2 protein chains.
Amino acid sequence: MARLDDLITRKGVYRHGSILYRSGDKFQALYAIRTGFFKTQILNEDGREQVTGFQMAGEIIGMDGISSDAHTCDAVALEDSEVCEIPFSRLEDLSRELPPLQRHLHRILSREIVRDQNIMLLLGSMRAEERLATFLLNLSQRFAVRGYSPTSFQLRMTRHEIGSYLGLKLETVSRALSHLQESKLINVRNRSLEILCLSGLQACMGKRTR
Amino acid sequence: MARLDDLITRKGVYRHGSILYRSGDKFQALYAIRTGFFKTQILNEDGREQVTGFQMAGEIIGMDGISSDAHTCDAVALEDSEVCEIPFSRLEDLSRELPPLQRHLHRILSREIVRDQNIMLLLGSMRAEERLATFLLNLSQRFAVRGYSPTSFQLRMTRHEIGSYLGLKLETVSRALSHLQESKLINVRNRSLEILCLSGLQACMGKRTR
DNA sequence: CTTATAGCTTGATATAAGTCAAAATTAACA
DNA sequence: TGTTAATTTTGACTTATATCAAGCTATAAG
């Protein structure tokens with residue numbers, strides 16, 4: 001553990017809107033978010049973007065870069081954030097010596113795969129309101145784990161960014177939020193969100209007309 | 001390399017339709033496909049399915065299981081296939097001793113993350129015909145790498161399975177295939193597919209009305 | 001070889017989500 | 001602190017894809 005600490009260095013503070021890494025940047029390190037909030041996104045040739053995730057304190061980003069020694073997405077701070085750098089080749093060295101660290105690294109990589117595949121399920125088979133309910137419940141749970149309220153929190157991203165993540169247009173996100181509010185499942189006013197009925201949202205997640 | 005060979009054992013032949021592993025099965029090994037064709041899919045509580053990938057000879061599957069010591073998807077043979085088993089804890093042991101093997105394993109895990117994020121882009125931002133063109137070009141390229149024709153091959157999966165992978169209904173897949181055929185970009189008759197114009201398909205991939 | 005079953009295509013119609021537009025609200029900044 | 005720009009909401013209308021249905025074609029089983 002002490003040796004892992006040696007490896008990790010404060011990379012510094014990223015102001016709202018600033019970029020931790022860009023697609024194409026040489027891959028050298030993973031990053032642990034100490035405080036704050038990030039989004040990762042890919043852009044294809046013709047300018048289309050897809051937000052691939054929102055990351056909060058305690059989460060690791062940058063794993064996309066391992067495969068080709070270059071990052072394949074952009075990571076952008078959605079609020080002022082503090083980040084630690086974990087040089088990857090040194091992490092590999094250390095994980096050869098420490099089997100529990102090795103195991104941990106493999107689990108983190110695999111967890112990212114599972115997360116992505118669940119988003120594929122969301123994008124491939126859920127309708128707008130379901131996607132949004134799933135998204136809100138995921139945020140709720142992650143805030144809860146960190147000791148914050150699972151039922152009352154600030155959205156750190158715009159409707160456009162939520163839409164990009166969920167495969168929807170921002171107007172659809174706005175309408176779906178309004179509709180969940182009409183249904184008394186949430187209260188939403190701009191970025192502040194309150195979940196009034198967790199179980200109702202869960203039910204909404206499982207609802208399919210398709 | 002010799003030591004890696006020791007580790008890998010023939011797991012045997014999987015007949016068309018048989019299951020290599022199921023969601024919930026204890027995770028113990030990765031699998032290398034020697035010959036044949038698989039699909040992986042996740043099923044959520046209410047029975048919805050999402051095909052998360054199609055895997056062919058030379059590819060590794062099972063990485064989803066590392067994170068929780070249990071598989072999170074099903075792997076089903078789409079034709080008679082031969083598989084090798086790579087016991088994961090022994091692979092971890094060996095990769096601690098052999099840095100190039102360790103690096104290789106990390107790249108494979110990361111490549112899966114990148115692949116999944118590109119599917120998120122497809123599902124989140126492309127229209128039906130574009131998704132299909134992207135899919136066909138991806139198959140084409142993978143066949144080419146293996147020394148098969150990039151322009152003439154058999155689809156190993158049903159329209160329903162293609163639809164599940166691409167987030168479309170089977171009728172939409174069928175119509176999109178017919179339309180690409182009318183446009184003289186492909187010839188398709190049941191499962192046999194011929195690409196008449198690779199660059200035309202690529203152009204179609206980049207086309208967006210949305 | 002015959003029958004049954006699963007898979008595929010195509011048409012008609014319905015609908016969820018997208019598009020366009022305008023107003024309202026909030027945030028940024030000079 | 002006023003002004004501008006960005007974000008959000010809501011409405012009216014359009015469209016891509018889903019749904020439903022029927023007929024057709026392969027493939028598998030007896």
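From a predicted model like this one, the values you see are computed outputs, not experimental measurements. All chains are named by letter (A, B, ...) in the order of the sequence lines, taking the proteins before the strands, and each is independently numbered beginning at 1.
Note: Tyr21(B) and Tyr31(B) have parallel aromatic rings, judged against thresholds of 30 and 60 degrees for the angle between ring planes. Ring pair Phe143(A)/Tyr148(A) is perpendicular by interplanar angle, where above 60° counts as perpendicular and below 30° as parallel.
Taking atom CZ of residue Arg127(B) and atom C1' of nucleotide dA17(C), one finds them 12 Å apart after rounding to whole Å. Across the protein-nucleic acid pair, Arg131(A) atom CZ and dA16(C) atom C1' stand 10 Å apart, rounded to whole Å. Taking atom NE2 of His160(A) as the reference point, atom P of dT8(D) lies 10 Å away to the nearest angstrom. A straight line from CG of Leu155(A) to C1' of dT7(D) spans 13 Å, rounded to a whole angstrom. Rounding to whole angstrom units, CG of residue Leu170(A) and P of dT10(D) are separated by 13 Å. Separating the NZ atom of Lys169(B) from the C1' atom of dT10(C) is a distance of 18 Å, rounded to the nearest angstrom. Going from atom CE of Met157(B) over to atom P of dC8(C) covers 11 Å, rounded to whole Å. Atom-to-atom, CG of Leu180(B) to P of dT9(C) comes out at 12 Å; the value is rounded to the nearest Å.
In this structure, Glu112(A) CD and Asp64(A) CG are separated by 8.0 Å, a value rounded to the nearest 0.5 Å.
No contact: Leu177(B) has no heavy atom under 4.0 Å from any strand. Within 4.0 Å (heavy atoms only), Gly167(A) reaches sugar-phosphate atoms of the nucleic acid but no base atom.
Distances shorter than 4.0 Å separate some side-chain N or O of Arg159(A) from OP1 or OP2 on dT8(D). At the phosphate of dT9(D), neither OP1 nor OP2 sits under 4.0 Å from any side-chain N or O atom of Ser178(A).
When each of dT10(D), dA17(C), dG7(C) is scored by its nearest atom to the side-chain atoms of Thr158(B), the top-ranked nucleotide is dG7(C). When each of dT9(C), dT8(D), dG18(C) is scored by its nearest atom to the side-chain atoms of Thr172(A), the top-ranked nucleotide is dG18(C).
At a threshold of 4.0 Å, the pair Arg189(A)-Glu194(A) does not count as salt-bridged, since none of the basic side-chain nitrogens sits closer than that to a carboxylate oxygen. Note on Arg146(B) versus Glu59(B): salt bridge recorded, some NZ/NE/NH1/NH2 to OD/OE distance being below 4.0 Å.
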Per-nucleotide protein contact string for nucleotides 20-30 of chain C (B base, S sugar-phosphate only, - none; heavy atom under 4.0 Å): B----SS----
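The side-chain hydrogen bond (donor to acceptor under 3.5 Å, both in side chains) test applied to Asn190(B) returns no partner, not counting sequence neighbours.
For Tyr165(A) and Phe54(A), the gap between ring centers is short of 6.0 Å.
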